Amino acid sequence: MSDTATTAPGLRHADPARWRALVFIALAQLMVVLDATIVNIALPSAQQDLGISDGNRQWVVTAYALAFGGLLLFGGRIADLWGRKRTFVLGLVGFAAASALGGAATNEAMLFGSRALQGAFGALLAPAALSLLAVMFTDARERAKAFGIYGAIAGGGGAVGLILGGFLTEYLDWRWTFFVNIPFAVVAAAGAYFVIREPEGGRNRSPLDIPGVILSTLGLVALVYGFTRAESEGWSDALTIGMFVASAVLLATFVAVEARVASPLLPLRVITDRNRGGIYLSLGLAIIAMFGLFLFLTYYLQIVKGYTPVKTGFAFLPMIVGMITGSTQIGTRLMTRVAPRLLMGPGFLVAALGMLLLTQLEIGSSYAALLLPAMLLLGLGMGTAFMPAMSLATQGVEPRDAGVASAMVNTSQQVGGAIGTALLNTIAASATTSYIADHIGTAGTRSQQELVQLEGLVNGYTSAIWFAVGILVVAATIALTFVNAGKPDMSAVTGAGEGAEEAVPVPVVAH
């Protein structure tokens with residue numbers, strides 16, 4: 001497609017460097033997605049090297065997800081205020097620095113801190129990248145092609161991360177799973193600085209909603225910490241209950257503030273729409289189920305089955321292939337022919353069926369007979385549901401709200417991931433402890449005791465997976481009942497006009 005292609009009437013002239021800019025924006029997206037899956041594979045090695053406890057290991061994942069999800073709306077607002085190009089480059093430089101810190105970590109606090117910093121700079125990077133693509137590609141067909149490429153990299157990056165993470169962890173060191181981000185970030189930042197030309201007149205210079213930023217971030221931190229503390233101290237612990245109460249108060253106050261301030265961080269009209277509200281809720285619940293599963297399967301394959309990091313990476317490929325296939329070959333092809341709920345609801349139910357198979361996990365379970373079909377069903381179901389969900393999440397939104405509506409999709413996924421990791425890890429740890437306490441007395445020899453320990457781990461995983469099945473069924477029910485939109489009008493342009501953002505949904509693979 002030529003760089004001199006004409007644009008649709010009423011839209012600004014296309015940037016002649018837009019396709020070159022896409023290369024560097026997509027490279028940044030590959031880095032972020034690759035980093036998430038690389039860390040999953042490297043986690044057991046990092047845990048052993050730094051002496052991280054089983055109760056705290058989830059913070060390697062949760063610290064990133066919470067910082068990223070909690071600050072996404074703020075990051076989108078910063079991009080509007082400072083300029084998307086400037087925010088994009090700053091996010092890349094910060095992400096590289098945080099990755100260097102993580103690779104050099106000498107204790108768990110340093111590692112957790114680096115992951116939180118990665119999440120914070122990722123929250124600057126992600127909305128700026130989406131906004132840049134939206135304002136640079138103004139022709140509807142070009143925009144669809146650009147975001148299709150961006151979305152394919154998001155899916156393919158997950159597979160690359162799993163394989164690369166395994167090779168780096170096994171043949172070099174887990175620290176290289178952090179260091180590998182640095183060349184990606186440097187190349188993407190340099191390319192963006194010299195190639196990207198941000199259109200004029202697109203900034204939103206209204207005052208920042210500082211109370212909204214503080215309340216939303218503190219509320220989400222309290223919520224996830226409550227789930228995390230419940231694992232070690234129990235659900236009746238005073239501080240655990242206090243965290244849940246504080247979270248409820250902070251988030252309720254956030255909603256009240258947003259209803260009154262002139263320039264809210266999250267305009268309530270975005271989430272009170274029936275379809276968008278249903279999508280944010282169902283996507284968040286689905287990701288709660290998925291994030292915990294990634295953690296459990298990584299430990300099951302490496303600790304229980306004895307897989308190497310490389311073999312673990314390849315073992316996850318069917319799920320990634322299923323997600324890409326469900327998104328590009330099922331969701332994308334059918335989303336213009338049927339109502340979104342008829343893809344979302346069945347998609348979540350297919351994923352629940354795959355999750356249900358995994359409740360049958362045992363120490364000696366066959367990969368080909370059990371894990372392979374389960375992962376394929378999970379990937380196909382989630383990929384099929386995600387594509388129409390993210391399309392509808394920004395359909396018909398007012399131009400001034402397009403950016404925040406798009407950011408809310410990522411926020412619901414990232415916060416859902418943080419809660420899911422903490423909640424399901426808590427359930428699994430409690431079930432494991434109870435099983436070992438009940439059965440260790442009958443184990444006379446050392447080998448029998450080790451067998452009970454492994455059986456306890458698997459029992460904990462399956463107990464948590466049962467909860468994940470129920471969560472996915474609830475997500476499907478919400479999608480089928482709340483989401484009542486008909487077939488989308490794919491010819492509509494969201495946010496057309498000078499200075500407006502077109503929010504184009506991109507499939508995001510859960511990690």
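Everything quoted here is computed from the prediction, not taken from an experiment. These numbers come from the heavy atoms of this one structure, side chains and all, not from hydrogens, waters or symmetry mates.
- Counting only heavy atoms from C-beta outward, the side chains of Leu378 and Met290 approach each other to under 4.5 Å.
- From Gln329, atom CD reaches atom CG of Leu334 across 10.5 Å, with rounding to the nearest 0.5 Å.
- Note: Ile471 CD1 to Leu424 CG = 5.5 Å, rounded to the nearest 0.5 Å.
- Applying the side-chain contact (heavy atoms from CB on, under 4.5 Å) criterion to Pro211, with sequence neighbours excluded, gives Asp209, Val257.
- When the side-chain hydrogen bond (donor to acceptor under 3.5 Å, both in side chains) test is applied to Thr106, no partner is found at least two apart in sequence or on another chain.
- Remark: Asp273 pairs with Asn275, Arg276 by the side-chain contact (heavy atoms from CB on, under 4.5 Å) rule, at least two apart or across chains.
- Looking only at side-chain heavy atoms (C-beta outward), Phe74 and Thr217 stay at 4.5 Å or farther from each other.
- Here Tyr193 pairs with nothing under the side-chain contact (heavy atoms from CB on, under 4.5 Å) rule; sequence neighbours left out.
- The distance from the CG atom of Leu472 to the CD1 atom of Ile287 is 9.5 Å, given to the nearest 0.5 Å.
- Taking 4.5 Å as the limit, some side-chain heavy atom of Phe88 sits within range of a side-chain heavy atom of Ile25.
- Between atom CG of residue Leu297 and atom CE of residue Met319 there is a gap of 5.5 Å, rounded to the nearest 0.5 Å.
- Among all heavy-atom pairs drawn from Leu72 and Ala126, the shortest one is CD2-CB, 4.3 Å.
- Under the side-chain contact (heavy atoms from CB on, under 4.5 Å) criterion, Ala21 pairs with Met136, Val195, Ile196, not counting sequence neighbours.
- Looking at Leu266 and Phe254, their side chains come closer than 4.5 Å, going by heavy atoms from C-beta outward.
- Taken from OG1 in Thr87 to CG in Leu92, the straight-line distance is 11.0 Å, to the nearest 0.5 Å.
- In this structure, Arg86 and Leu90 have side chains that are not in contact, with every pair of non-hydrogen atoms separated by 4.5 Å or more.
- Contact record, Ala315 with Leu301: CB-CD1, 3.8 Å, taken as the closest heavy-atom pair.
- The nearest pair of heavy atoms linking Leu285 to Ala475 is CB-CB, 4.1 Å.
- For the side chain to side chain contact (heavy atoms under 4.5 Å, CB included) with Met31, the lone residue among Val187, Leu125, Ile182 that qualifies is Leu125.
- Phe68 is linked by a ring pair (Phe, Tyr, Trp, His ring centres under 6.0 Å) to Tyr64, counting only residues two or more places apart in sequence or in another chain.
- Partners of Ser99 according to the side-chain hydrogen bond (donor to acceptor under 3.5 Å, both in side chains) rule, which considers only residues two or more places apart in sequence or in another chain, are Gln118, Asn181.
- Residues Ser216 and Leu265 come closest through the heavy atom pair OG-CD2, 4.0 Å.
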Pair Gln302, Leu43 - check side-chain contact (heavy atoms from CB on, under 4.5 Å), show working.
CA-CA 11 Å; Gln302 293 195 35; Leu43 184 51; over 6 Å; no
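- Leu111 approaches Ala46 most closely through the heavy-atom pair CD2-CB, 4.5 Å.
- Applying the side-chain hydrogen bond (donor to acceptor under 3.5 Å, both in side chains) test to Gln47 and every residue at least two apart in sequence or in another chain returns Asp54, Tyr299.
- In terms of the ring pair (Phe, Tyr, Trp, His ring centres under 6.0 Å) criterion, Phe194 has no residue partners (sequence neighbours excluded).
- Atom OG of Ser247 sits about 4.0 Å away from atom CG of Leu223, to the nearest 0.5 Å.
- The list of salt bridge (charged side-chain N to carboxylate O under 4.0 Å, His left out) pairs with a residue in residues 311-326, not counting sequence neighbours, is empty.
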Under the side-chain contact (heavy atoms from CB on, under 4.5 Å) rule, what do Met344 and Phe386 come out as? Steps first, then yes or no, please.
CA-CA 7 Å; Met344 292 177 60; Phe386 279 5; over 6 Å; no
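- Closest approach of Arg57 to Asn425, counting heavy atoms only: NH2-OD1, 3.7 Å.
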Quiz: residues 172-180 side-chain donor-acceptor pairs under 3.5 angstrom, not counting sequence neighbours:
{"from": "Asp173", "atom 1": "OD2", "to": "Arg175", "atom 2": "N", "distance (Å)": "2.9"}
{"from": "Trp174", "atom 1": "NE1", "to": "Asp49", "atom 2": "OD2", "distance (Å)": "2.9"}
{"from": "Arg175", "atom 1": "NH1", "to": "Gly103", "atom 2": "O", "distance (Å)": "2.9"}
{"from": "Arg175", "atom 1": "NH1", "to": "Ala105", "atom 2": "O", "distance (Å)": "2.5"}
{"from": "Arg175", "atom 1": "NH2", "to": "Ala105", "atom 2": "O", "distance (Å)": "3.0"}
{"from": "Thr177", "atom 1": "OG1", "to": "Trp174", "atom 2": "O", "distance (Å)": "2.4"}

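- By the ring pair (Phe, Tyr, Trp, His ring centres under 6.0 Å) test, Phe316 pairs with Phe294, sequence neighbours left out.
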